[in-house]
Peer 1: 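Following this message is one structure expressed as structure tokens.
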Amino acid sequence: MRTSQYLLSTLKETPATAEVISHQLMLRAGLVRNLASGLYTWLPTGLRVLKKVENIVREEMQRAGANEILMPMVQPADLWQESGRWDDYGPELLRLNDRHKRPFVLGPTHEEVVTKLVANELSSYKQLPLNVFQIQTKFRDEIRPRFGVMRGREFLMKDAYSFHLNHECLEKTYQIMFDAYCRIFERLELKFRPVIADTGSIGGEQSHEFHVLADSGEDDIAFSDSSDFAANIEKAEALAPTGERAEPTQALTKVATPNVKSIVEVATFLTVDIKQTVKTLLVVGANSEGEPDGIVALVLRGDHQLNEIKAEHLAQVASPLTFASDEQIQAAAHCNAGSIGPKGLTIDVIVDRSAAHLSDFVCGANEDDHHFTGVNWQRDCGEINVQDIRNVVAGDASPCGQGHIEIKRGIEVGHIFQLGQKYAAAMNCAVLNEAGKNQTLTMGCYGIGVSRIVAAAIEQNHDQYGIKWPKAIAPFQVAIVPMNMAKSARVKETAETLYESLKQAGIEVLLDDRKERPGVMFADHELIGTPLLLIVGERNLDAQQLELKNRITGEKSLIAIDDVMTLFK
RNA sequence: CGGUGAUUAGCGCAGCUUGGUAGCGCACUUGGUUUGGGUCCAAGGGGUCGCAAGUUCGAAUCUUGCAUCACCGACCA
């Protein structure tokens, strides 16, 4: 490709709306352009990278035995009603009507469509297992699109779905996909970790996320400092403190705490360690059918944070988690939010393991501007329901039994699930088994955010001058940068000859034939991150040499023109 | 969904307080100059100042409404 024919579209200045480095560089290097909130056009350079990521993913899926298909992006609503997700999915699901007023959705994922497909196509256990995948645009009407293509509303995703007669067979494919994912991210040269994850709205049993480690990531990942345990913080278990709870030593005392509301204020006012306080959160409860019903109290140690995912998995708590309104708080606790405590509440109380381990602690007195000190669970509150409902924090004992927790940020670029029979059962996806009986299939599903990987790769690979692409996904393998081509016939001829021979060898080469000053060219190529620059100039031509510059290492060296092709062997 | 802020040329911004029909840098066009790290000089082109209504002789500027974009939050107990 010649820059004179190419839509390079680099920007000298950073657009004001771009917050994270990958978004800034994607705009500056001319990879993408914003169309509307969360919607991006891919320019030639960005598309080249996107296609390379896509191809690596495709190759590894095929190597793992998956079949590529392509399903429609627009899906009939009745499929979603059949699976139950028409009601469950919420406003992220963009719904629309066709000209006949028939309801459709823009596909945020394809479990329904693929389950329907397989239900129709398969009839015998002999056809199992089957793994199909597609690489396709998804649409999710995100609450808050941000960070460019990192969390766009429209994005490119690889989604695979496997079908099995039983759970053992699913486990095998799940492991094959787990390994395929590791190979993909290794080929992409990204620093990544598989982590244990929650299954979220997709539903199902076991699940792993694949995270690219970067400070700009949106997820907290909990690691053990002495094993390979890693889990999304949503899922990382907080172990109960070891040892017996200390015996009460203090008398229960009610103290006035005028205008003292937050836990920090309480601890400061009473000069106690924040770890000797508990906070009580009131949330909407759930009845035996899982319908929202009543109010439930959740009690945490003052310095801990509620883990909403863990809380909403509890049978007594409504999902999604909803905090009680001020009126509901008054009705349940007879005081304002700043003074609630577990003692004397008539509603269900669920106590976190760490809070349950305290003795002689401080809590609200369920009376405005008053707290209790010297509270003890058994003595003052009776039997309590203890659960794990907090986020782990750095330094906690690792749930794997080895070492302690460390927390890092990650960008979720892949997610694999053991779905089980949720969709197959809802959509009647079954085959005849060996006994000639109808048997519902067991499913797995496996996603990779292809467009997000492009952003994640930049987050991990950049410097002050621009992007430093991993070799496997660089938009071009090499750029030819001629010095003063307009004035020197020799430079022009050498550059052109080199360009032709590289092109013929199938190498992705960009010839910078613009009439620009060297500094402009260098700056542009550093910005878009081409790994190798071949600099053609009068200076070295007498010796039949070129300058070779490595974008990643910054090394400069001289190379004989005749040896250039050896660089690509 | 709540809060905050922004919206003036392709991009980054000033002008608004104190109303008089718009400016700077970069980019772009033309000519010259320069040529191994974002040259320099000169001359140009480009804006219904987000949209609508109002106040006024007169609105980018004041008022009201709307839209879009972005950031923060959704842990206050």
Side-chain angles (χ1 to χ4, degrees), chain A residues 8-20 23-24 27-28 30 33-39 90-92 142-148 151 257 260-266 277-283 295 297-308 311 320-326 328-330 332-333 335-342 345 362-371 389-391 465-466 481-488 491 512 514-527 533-541 546-547 549 554 556 558:
Chain A
L8 202 54
S9 281
T10 53
L11 302 174
K12 206 179 263 189
E13 288 180 275
T14 304
T17 50
E19 195 70 13
V20 294
H23 188 198
Q24 293 173 357
L27 293 170
R28 288 224 296 133
R33 288 292 179 260
N34 178 256
L35 179 66
S37 181
L39 303 177
E92 253 185 36
E142 295 281 348
I143 298 179
R144 180 143 90 87
R146 62 187 132 175
F147 303 156
R151 184 173 291 283
T257 50
V260 172
K261 294 196 170 67
S262 74
I263 276 294
V264 175
E265 288 167 5
V266 170
T277 68
V278 305
K279 55 185 176 186
T280 307
L281 316 179
L282 298 189
V283 301
I295 298 294
L298 305 177
V299 181
L300 294 158
R301 210 171 76 186
D303 58 320
H304 285 149
Q305 293 200 322
L306 177 66
N307 181 313
E308 298 193 13
L321 190 81
T322 313
F323 284 90
S325 65
D326 290 344
Q328 289 170 319
I329 290 173
Q330 280 293 344
C335 67
N336 286 308
S339 304
I340 312 172
L345 284 180
V362 172
C363 67
N366 297 321
E367 180 182 333
D368 281 344
D369 296 331
H370 286 81
H371 282 74
I389 53 171
R390 72 169 172 97
N391 281 336
Y465 304 110
V481 186
M483 296 292 104
N484 204 11
M485 188 161 82
K487 282 277 172 66
S488 166
V491 167
D512 203 336
R514 292 176 297 176
K515 202 184 162 193
E516 281 291 357
R517 297 174 57 81
V520 174
M521 293 184 179
F522 288 134
D524 273 346
H525 293 291
E526 275 158 9
L527 180 57
L533 295 190
L534 285 168
I535 301 155
V536 186
E538 281 289 340
R539 200 185 275 180
N540 301 309
L541 274 187
L546 307 172
E547 186 180 317
K549 183 164 181 190
K556 294 179 189 172
L558 290 174

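Convention: sequence-line order gives letters A, B, ...; per-chain numbering from 1.
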Peer 1: If I pick the C1' atom on B:G12 and the same atom on B:A27, what distance separates them, to the nearest angstrom?
Peer 2: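 To the nearest whole Å, 11 Å.
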Peer 1: What are the two closest non-hydrogen atoms of A:L527 and A:L11, and how far apart are they?
Peer 2: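 Minimum heavy-atom contact is CD2-O, 4.1 Å.
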Peer 1: The side chain of A:S37 is closest to which nucleotide in this list: B:G38, B:A70, B:A77?
Peer 2: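 My answer, after comparing the listed nucleotides, is B:A70.
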Peer 1: Of all residues at least two apart in sequence or in a different chain, which pass the side chain to side chain donor-acceptor pair (under 3.5 Å) check with A:N307?
Peer 2: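 A:N307 satisfies side chain to side chain donor-acceptor pair (under 3.5 Å) with A:N391 only.
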Peer 1: Using atom P of each nucleotide, how far apart are B:G50 and B:U34 to the nearest Å?
Peer 2: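 Approximately 44 Å lies between the P atom of B:G50 and that of B:U34.
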Peer 1: State whether the number of non-hydrogen atoms from other residues, nucleotides or ligands found under 6.0 Å of A:I143 atom CD1 is greater than 12.
Peer 2: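 At most 12 heavy atoms, drawn from other residues, nucleotides or ligands, come within 6.0 Å of this atom.
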Peer 1: What is the distance from CD1 of A:I143 to P of B:C71, rounded to the nearest Å?
Peer 2: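 To the nearest whole Å, that distance equals 14 Å.
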Peer 1: I'd like the P distance from B:U55 over to B:G10, given in whole Å.
Peer 2: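 Each nucleotide's P atom is 32 Å from the other's.
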Peer 1: For the CG atom of A:L298 and the CZ atom of A:R390, what is their distance to the nearest 0.5 Å?
Peer 2: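 That separation rounds to 14.5 Å.
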Peer 1: Taking only the side-chain nitrogens and oxygens of A:R144, find out if one of them lies under 4.0 Å from OP1 or OP2 of B:C71.
Peer 2: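 Result: yes.
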Peer 1: To check you understand the geometry: which heavy-atom pair defines the closest contact between A:I295 and A:L282, and what is its length?
Peer 2: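 Of all heavy-atom pairs spanning A:I295 and A:L282, the closest is CG2-CB, 3.9 Å.
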Peer 1: At a cut-off of 3.5 Å, list every protein nitrogen or oxygen paired with a nitrogen or oxygen from nucleotides 11-13 of chain B, distance to 0.1 Å.
Peer 2:
unit_1	atom_1	unit_2	atom_2	d
B:C11	O2	A:E13	OE1	3.3
B:G12	OP1	A:A16	N	2.8

Peer 1: Applying a 4.0 Å non-hydrogen cut-off, can you work out what A:G364 is touching in the nucleic acid: base, sugar-phosphate, or nothing?
Peer 2: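 Here A:G364 touches no strand at all.
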Peer 1: Tell me which nucleotide among B:A74, B:G37, B:U35 gets nearest to the side chain of A:E526.
Peer 2: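 Selected nucleotide (nearest to the side chain): B:G37.
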Peer 1: Looking at every strand, decide which applies to A:D368 at a 4.0 Å heavy-atom threshold: base, sugar-phosphate, or nothing.
Peer 2: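 Nothing, no nucleic acid heavy atom in range.
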Peer 1: When all nucleic acid strands are considered with a 4.0 Å heavy-atom cut-off, which category describes A:N540: base, sugar-phosphate, or nothing?
Peer 2: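 If one applies the 4.0 Å heavy-atom cut-off, A:N540 turns out to touch a base.
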Peer 1: Return the value, rounded to whole Å, for the distance between atom CG of A:D369 and atom P of B:A77.
Peer 2: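 Rounded to the whole Å, the gap is 15 Å.
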Peer 1: Which nucleotide sits closest to the side chain of A:E19: B:C71, B:G36, B:G37?
Peer 2: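 Nearest nucleotide to the side chain: B:C71.
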Peer 1: For the pair made of CZ in A:R514 and P in B:U39, what is the distance, rounded to whole Å?
Peer 2: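 Result: 12 Å.
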Peer 1: Considering only atom C1', compute the distance from B:G73 to B:C66 and round it to an integer number of Å.
Peer 2: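 Straight-line distance between the two C1' atoms is 25 Å.
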Peer 1: Who is the Watson-Crick or G-U wobble partner of B:G38, with both distances under 3.5 Å?
Peer 2: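 B:G38 is paired with nothing.
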Peer 1: Can you give me the N/O atom pairs linking the protein to nucleotides 49-52 of chain B at distances under 3.5 Å, or say none if there are none?
Peer 2:
none

Peer 1: Taking a pair as Watson-Crick or G-U wobble with both distances under 3.5 Å, which nucleotide is matched to B:G23?
Peer 2: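 By the stated definition (distances under 3.5 Å), B:C13 pairs with B:G23.
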Peer 1: Which residues satisfy the side chain to side chain contact (heavy atoms under 4.5 Å, CB included) test with A:I263, sequence neighbours excluded?
Peer 2: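 With sequence neighbours excluded, A:I263 shows a side chain to side chain contact (heavy atoms under 4.5 Å, CB included) to A:I274, A:T277, A:K279, given in chain and number order.
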Peer 1: Looking at every heavy atom in both A:V266 and A:H371, which two are closest together, and how far apart are they?
Peer 2: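 Looking at all heavy atoms of both residues, the closest pair is CG2-NE2, 3.4 Å.
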Peer 1: Ignoring hydrogens and angles, does a donor from either the side chain of A:K549 or the base of B:G37 sit under 3.5 Å from an acceptor on the other?
Peer 2: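 It does, because a donor-acceptor pair links the side chain of A:K549 to the base of B:G37 below 3.5 Å.
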Peer 1: Partner lookup for B:C76, please. Criteria are Watson-Crick or G-U wobble with both distances under 3.5 angstrom; report none if nothing qualifies.
Peer 2: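 No nucleotide pairs with B:C76.
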Peer 1: B:A60 and B:G38: how far apart are their P atoms, nearest whole angstrom?
Peer 2: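 Per the computed distance, 42 Å lies between those P atoms.
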Peer 1: Which atoms of nucleotides 31-34 of chain B (N or O only) lie under 3.5 Å from a protein N or O atom, and what are those distances?
Peer 2:
unit_1	atom_1	unit_2	atom_2	d
B:U34	O2	A:R517	NH1	2.5

Peer 1: Please give the distance between the P atoms of B:G37 and B:A42 as a whole number of Å.
Peer 2: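 My reading of the P atoms in B:G37 and B:A42 gives 24 Å.
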Peer 1: Whole Å only: how far is the NZ atom of A:K12 from the P atom of B:G38?
Peer 2: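 Roughly 10 Å, once rounded to whole Å.
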Peer 1: Identify the heavy atoms of A:G38 and A:N34 that sit nearest to each other, and give their distance.
Peer 2: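 Closest pair (atom of A:G38, atom of A:N34, distance): N-ND2, 4.4 Å.
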Peer 1: Rounded to whole angstrom, note down the P distance from B:G36 over to B:A43.
Peer 2: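 Going atom to atom, P in each nucleotide, I get 28 Å.
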Peer 1: If you take all heavy atoms of A:R28 and A:K12, which pair is closest and at what distance?
Peer 2: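 Smallest heavy-atom distance, with atoms named: NH1-O, 3.3 Å.
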Peer 1: Taking all non-hydrogen atoms of both residues, which atom of A:V481 and which atom of A:H525 are closest, and how far apart?
Peer 2: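 Heavy atoms of A:V481 and A:H525 come nearest at CG2-CD2, 3.8 Å.
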Peer 1: With a 3.5 angstrom cut-off on both distances, give the Watson-Crick or G-U wobble partner of B:A70, or none if there isn't one.
Peer 2: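 Looking at the geometry, B:A70 pairs with B:U4.
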Peer 1: Apply side chain to side chain donor-acceptor pair (under 3.5 Å) to A:R514 and list each qualifying residue two or more places apart in sequence or on a separate chain.
Peer 2: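 Counting only residues at least two positions away or on another chain, A:R514 forms a side chain to side chain donor-acceptor pair (under 3.5 Å) with A:D512, A:D524.
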Peer 1: Measuring from A:C363:SG to A:I340:CD1, what's the distance to the nearest 0.5 Å?
Peer 2: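 So the SG of A:C363 and the CD1 of A:I340 are separated by 11.0 Å.
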Peer 1: Between atom CD in A:Q24 and atom P in B:A70, what is the gap in whole Å?
Peer 2: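 For the pair A:Q24 CD and B:A70 P, the rounded distance is 14 Å.
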Peer 1: Take A:E538 and A:I263, find for each the nucleotide of RNA chain B with the closest heavy atom, and name the residue whose nucleotide sits nearer the 5' end.
Peer 2: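 The 5'-side residue here is A:E538.
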Peer 1: Atom CZ of A:R146 to atom C1' of B:G5: distance rounded to whole Å?
Peer 2: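 Taking atom C1' of B:G5 as the reference, CZ of A:R146 is at 17 Å.
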Peer 1: Find the distance between CZ (A:F522) and CE (A:M483) and round it off to the nearest 0.5 Å.
Peer 2: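 CE of A:M483 is found 3.5 Å from CZ of A:F522.
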Peer 1: With rounding to whole Å, what would you report as the distance between B:C26 and B:U68 at their C1' atoms?
Peer 2: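 My reading of the C1' atoms in B:C26 and B:U68 gives 26 Å.
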Peer 1: Could you state the CG-P distance from A:L281 to B:A74, rounded to the nearest angstrom?
Peer 2: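 Whole-Å distance recorded here is 13 Å.
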Peer 1: Which whole-number value in Å describes the distance from A:E308 CD to B:C76 P?
Peer 2: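 Distance, rounded to whole Å: 11 Å.
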Peer 1: State whether the side chain of A:D368 and the backbone N or O of A:N336 hold a donor-acceptor pair below 3.5 Å, judged by distance alone.
Peer 2: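 Checked: pair present.
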Peer 1: Closest nucleotide of RNA chain B for A:F147 versus for A:I329: which of these residues is on the 5' side?
Peer 2: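 Closest to the 5' end, via its nearest nucleotide, is A:F147.
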Peer 1: Report the base-pairing partner of B:C51 (Watson-Crick or G-U wobble, both distances below 3.5 angstrom), or none.
Peer 2: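 Matched B:C51 with B:G65 under the 3.5 Å cut-off.
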